[in-house]
Amino acid sequence: MKVTISKLHKNRVFTLLVWLIIVFIAIISAPSITNTLQSYSQPTFSAKSQPEQAAKLRNQWGYQLGNSATINIVYENPGGKLTTKQKNTIQTTTDKLKEHQSFYSIKRIVTPDTNVSGQAQMLSKDGSTQVVSLDIDAKNDLRILTSELTNQVKVNGLKSYVTSPEIIRDVNNQKTAQITNLILIMLFIASILIVGIYFRAVLASVISFIVLFTSFVTSYSLSLNLAKHFNWAFSQYVPLEIGLATLVLGTIWNIYIYRKLKSVLAVQREARAATKQTIQGLRFPIIMVGGTLTILFALCGFINFNEIQSLWALAVTYPVLVLAVTTLNAVFTAALGESIFWPSSTPKAAMKSHYWKTATEFSLWQPIAGFLIVLYITLPFIYFYHNSLNFSPITNLTETNQAVKGAHVLQAHFNEGKPTPVTVYLKSKQPLNNEKDLQSLDQLTTKLQHTQGVKNVYSLTQPGGMPIDKYYVSNQLESIGLSSKEATGQLSQASDSLQSNTSKLDLNSLKRQVKQLSSMVSKSNQIVQDSSNLASQVNSAAANSSVSVQRGASKRVRQYQQQINQLNQSLQSVSSGISQLATEGKVIQNYGQNSYNNLQAYSQQISQIKQQLKKVNQQVTSSTSQLNGIYDYLNGLQKSGGANVYYITKAQLADTDFQQTLLNYAGKNKKLTMLQIVFKNAPSSKSNIHQVNRLKQQINLQLRGTSLSNATVAMTGEPVTQSIIQSKMTHHFASLLAILVLGILLAVFILSRAILQPLYWTVAFVMSALTGFQLTYLTMHFVASVKQFDWQVPVITATILAAFGAWQIIALGLSYRYTELSLLDWIRPTMASYGQIVRYILLVVVALAIALTFGASLAMIEIALIVIYTACVFYLVLPMIVSSLGKLAVTLPNKKNILKNK
């Protein structure tokens, strides 16, 4: 059993089993690249950053709107203004969404009908475009939800889009995932072809693929699991960076190992011994380069910028790659021996590099001229170096995507900054339903509207981006002025009326009327007395006439009796009439007495009223004069700037319009509100940071000394996100370069046991990289009219060039360390032998860079061009730098020997 185990150990079977187990675990534990990148689609910031603070305030909004994201549905009528029928159809579609809010995880729907005061931000001025805003649950899969809504919100005759900055970032991330998958496939194919063509061997390329694939899968899975379990930084380009790191250095190392194995097999035919000798010969430089890069990228984990901090994943990649290249290669080479180079039977003869030989000889002959040629090649590009980055994800996307189209529609019909607004959350310590706080908020809104670069500001006091007149002092002054003017007119009329009434009041006439009434009363009394006497006389006559009739019997008596009867009847009639007249006379007497008394009192009151009316008339005249002065003052005040002050009354606070605005722009407890700021232009790297900083300064200055001075304020939005990324990139990319350059320098100083010469080589590489950047910029500018690199380009390029430069410089330093020759004696043979292999390294770098272009992404094309240009320039200048500066380092102390060739 021991013999069997020993045999298996010698044949490295256990090594193969361990790697098989590792790869199996890595494959089943790591999700697909597409799913991974979707999880890291949105930028991440520290807890103290403005977007994170704004998210915390948003979660306190209430109305179940915490942890939500806002997306816009954009409707466009290509033929002109939206008709009433089309608006009704949009409303019907929106109503259907309301019926299925829970299914689509919609928390709130805002339309022009539910935001009447803020219709200006939802309807374009030309009337052809309408926006419907949705607040959705941020926990949902944005990609799936967008796809479902895109189909659900379609309206016949209109173009509809579902868009937001988050959706566009997710679309960009989706494209990145597709590009990453395609590029990784092309990189592996390119690596296989390079090894296969170089060695003219199928097995060598297959084994190289197995080794590199094993290393990639293991590194990717390990990095992802570490990021998940320990919450370490991870970005969307990490899988690609792991792939590039594995394939660039892995392919170069495999070529070195297979070349070394070929040369060893020519002397040592036994496969295991040749393998052992090969690995021992290359283990040290491989470990040194891999270890150096591991330490450098591990240090990147301490940089406070997610995109650079995530490069710690390469600190995992390089140790895995070193182990895979040195152990897994040994398993196959020990087992296959020379068969690994099948079907090629003889090693390919090394081709001499005529350029390196010529450049070396020339630089040794004329070191100053050689150095000047290097400066001539690189210095113009370095001197005119131009570095401009674009931080917008939309620049990497084509207009074929519906979200991108929607953003462009908003830009066309509103303004360029409409798709990317800035949202300012403001939390007060007291509810924002009082005149004092609302006045401070309105002053802030007005100040921000007049800030440079701002197009519109929508807030609680100005939901439509314009002041509401009825809530301002100027409008209320106008109302008071009109009232005072009306009162002045009325008082003038009253004064005229009083004067007229005073002149018509005639007391003499009233006195004559009183005398007449008094005479009438006396007459009425006399009539009553007369009527009473008359009644008694009539009754006496009637009685006497009745006795005479009874006593007479003659004809005269009968005739007289008849006359007396007639007279009696007449007297009775007169008696009843006089009795009625007497009764009426009493009534008239009482009325006359009352009227007389009343008229006397009335005449006295009229006399007093007349005096009072004169006084009131004088007061009215004075009041009229004062009101005219007040009106003139109010009219002047209304036209002055002092009247442009927000003042909302208690009645207006309770009206329907303000309550609707409060629902849209304030949280449930009324302490939290938001301001939406739309810039005139889309976010730009040239002005974005200054624009956002200007907003911060204006907010701080405007709130200082007001009732909202202690309010909590936080900003979020695409411009804020881009400004943070740009600021961090500007600040921390220099730290990344310092770590890489100084780290490589320190490593080569230690390994080569020299300082001056390794410094020259490293500087030459940095100059080559700067030249490569500028050449790429010029190429993209004139060929594709691209004026700015994607901001991810420098970071990814730095990882590739660090691997390429570290191997080149450290390998050269190790050669210098172990030589027993003097510097000048070391230069010629080293440059001759080194030039033979550098061309193949250049081939590897160029071929892998070309594989990047298959993603049809401008960012990947830019990276490919930078790497190719840098490698080519370094290939041109390195032999001249080594030779000319090496010669000058020896001969410069003795000026007589500067031009001598040793």
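Worth saying up front: this structure is predicted, and the values here are computed from it rather than measured.
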Practice task
If the plane angle is over 60° it's perpendicular, under 30° parallel, otherwise tilted; pick one for Y104 and H100.
Solution key: perpendicular
Handout entry: Beyond-backbone contact of I25 with S221, side-chain heavy atoms, under 4.5 angstrom
Key = no
Handout entry: Distance-only side-chain donor-acceptor flag, T776 / E862, under 3.5 Å
Key = no
Handout entry: CD1 on I167 to OG on S147, rounded to 0.5 Å
Key = 11.0 Å
Exercise for the section: Give me the one residue out of Q698, R694, K680 that meets side chain to side chain contact (heavy atoms under 4.5 Å, CB included) with Q452. Expected result: R694
Exercise for the section: Indicate whether the side chain of D95 and that of Q91 have a donor and an acceptor atom separated by less than 3.5 Å. Expected result: yes
Practice task
May I ask you to decide if the ring planes of Y777 and F789 are parallel, tilted or perpendicular, using 30° and 60° as cut-offs?
Solution key: perpendicular
Completion exercise
What one should report as the nearest heavy-atom pair of L736 and C300 is CD1-SG, 3.4 Å
Exercise for the section: Report yes or no: does N88 contribute a side-chain atom to a donor-acceptor pair with the main-chain N or O of T84 at less than 3.5 Å? Expected result: yes
Problem - Pair N173-R169, side-chain contact (heavy atoms from CB on, under 4.5 Å): steps then yes or no - result: CA-CA 6 Å; N173 201 63; R169 282 195 175 276; over 6 Å; no
Problem - Verdict with reasoning, L187 to T246, per side-chain contact (heavy atoms from CB on, under 4.5 Å) - result: CA-CA 10 Å; L187 286 172; T246 300; over 6 Å; no
Problem - Atom CZ of F24 with >12 non-hydrogen neighbours under 6.0 angstrom - result: no
Practice task
Check for a donor-acceptor pair, side chain of E76 on one end and backbone N or O of K159 on the other, with a separation under 3.5 Å.
Solution key: no
Exercise for the section: State the CZ-CZ distance between F305 and F733, to the nearest 0.5 angstrom. Expected result: 10.5 Å
Exercise for the section: Of all the heavy-atom pairs spanning S723 and I689, show the shortest one and how long it is. Expected result: O-CG1, 3.9 Å
Practice task
Drop me the distance from M186's CE to F854's CZ, to the nearest 0.5 angstrom.
Solution key: 4.0 Å
Handout entry: Closest heavy-atom pair and its distance - E416, P419
Key = O-CD, 3.3 Å
Handout entry: More than 12 heavy atoms of other groups within 6.0 Å of K787 NZ
Key = no
Practice task
May I ask you to test the P165-I168 pair for a side-chain heavy-atom distance under 4.5 Å?
Solution key: no
Practice task
Could you give me the CA-CA distance, side-chain angles and deciding distance for D170 and Q174, then say whether side chain to side chain donor-acceptor pair (under 3.5 Å) is met?
Solution key: CA-CA 6 Å; D170 184 70; Q174 186 177 7; over 6 Å; no
Handout entry: Check against side chain to side chain donor-acceptor pair (under 3.5 Å), D126 and S128
Key = CA-CA 6 Å; D126 59 12; S128 65; 2.9 Å; yes
Problem - Check against side chain to side chain donor-acceptor pair (under 3.5 Å), N77 and Q86 - result: CA-CA 9 Å; N77 183 13; Q86 289 172 336; 3.3 Å; yes
Handout entry: T114 side chain vs V110 backbone, donor-acceptor pair below 3.5 Å
Key = no
Handout entry: Whether Q130 side chain and Y75 backbone form a donor-acceptor pair below 3.5 Å
Key = no
Exercise for the section: Would you check, one step at a time, whether the test side-chain contact (heavy atoms from CB on, under 4.5 Å) holds for I71 with L149? Expected result: CA-CA 11 Å; I71 63 176; L149 287 174; 3.6 Å; yes
Practice task
Determine, stepwise, if the pair T423 / R58 fulfils side-chain contact (heavy atoms from CB on, under 4.5 Å).
Solution key: CA-CA 10 Å; T423 303; R58 174 71 174 182; over 6 Å; no
Practice task
Answer yes when K728 and E307 have at least one side-chain N-carboxylate O distance shorter than 4.0 Å, and no when they do not.
Solution key: no
Handout entry: Short side-chain to backbone donor-acceptor contact, S124 and T129, under 3.5 Å
Key = yes
Problem - Non-hydrogen side-chain atoms of I724 and P51 separated by less than 4.5 Å - result: yes
Handout entry: Steps toward side chain to side chain donor-acceptor pair (under 3.5 Å) verdict (N181, T34)
Key = CA-CA 8 Å; N181 287 326; T34 302; 3.3 Å; yes
Handout entry: N/O donor-acceptor pair under 3.5 Å between T451 side chain and K447 backbone
Key = yes
Problem - Donor-acceptor contact present, side-chain Q50 to main-chain M715, <3.5 Å - result: yes
Problem - N/O donor-acceptor pair under 3.5 Å between D135 side chain and K107 backbone - result: no
Handout entry: Euclidean distance, I303 CD1 relative to W312 CH2, rounded to 0.5 Å
Key = 15.0 Å
Handout entry: Option from N115, V131, V678, N456 for which side chain to side chain contact (heavy atoms under 4.5 Å, CB included) with Q121 holds
Key = N115
Practice task
Taking the side chain as every heavy atom from C-beta outward, state whether V795 and E241 have any atom pair closer than 4.5 Å.
Solution key: yes
Handout entry: I468 side chain reached by P463 side chain, heavy atoms, under 4.5 Å
Key = yes
Problem - Side-chain donor or acceptor of T853 paired with backbone N/O of A849 under 3.5 Å - result: no
Exercise for the section: Indicate yes or no: at least one non-hydrogen side-chain atom of L244 is less than 4.5 angstrom from one of L852. Expected result: yes
Exercise for the section: For atom CD of Q64, decide whether the heavy atoms of other residues, nucleotides or ligands shown that lie under 6.0 angstrom number more than 12. Expected result: no
Problem - Result of checking I33, I183, T799, T176 against L240 for side chain to side chain contact (heavy atoms under 4.5 Å, CB included) - result: I183
Completion exercise
Correct closest heavy-atom pair for D113 and V116 would be O-CG2, 3.4 Å
Exercise for the section: Please report the shortest heavy-atom distance between S46 and E52, naming the atom on each side. Expected result: O-CG, 3.0 Å
Problem - Minimum side-chain heavy-atom gap L858-M780 below 4.5 Å - result: yes
Practice task
Drop me the distance from L134's CG to N72's CG, to the nearest 0.5 angstrom.
Solution key: 8.0 Å
Completion exercise
Here the pair of heavy atoms bringing S685 nearest to Q726 is O-NE2, 2.6 Å
Exercise for the section: Report yes if the side chains of V74 and K405 come closer than 4.5 Å at any heavy-atom pair, otherwise no. Expected result: no
Practice task
Give me the ring orientation class for W791 and F391: parallel if the planes are under 30° apart, tilted from 30 to 60°, perpendicular past 60°.
Solution key: parallel
Practice task
Indicate whether any N or O donor in one side chain lies under 3.5 Å from an N or O acceptor in the other, for Q462 and T446.
Solution key: yes
Handout entry: Expected output: side-chain H731 to main-chain S727 donor-acceptor under 3.5 Å
Key = no
Fill in the blank from the handout: CD1 of I394 to OG1 of T163, rounded to nearest 0.5 Å, is 7.0 Å
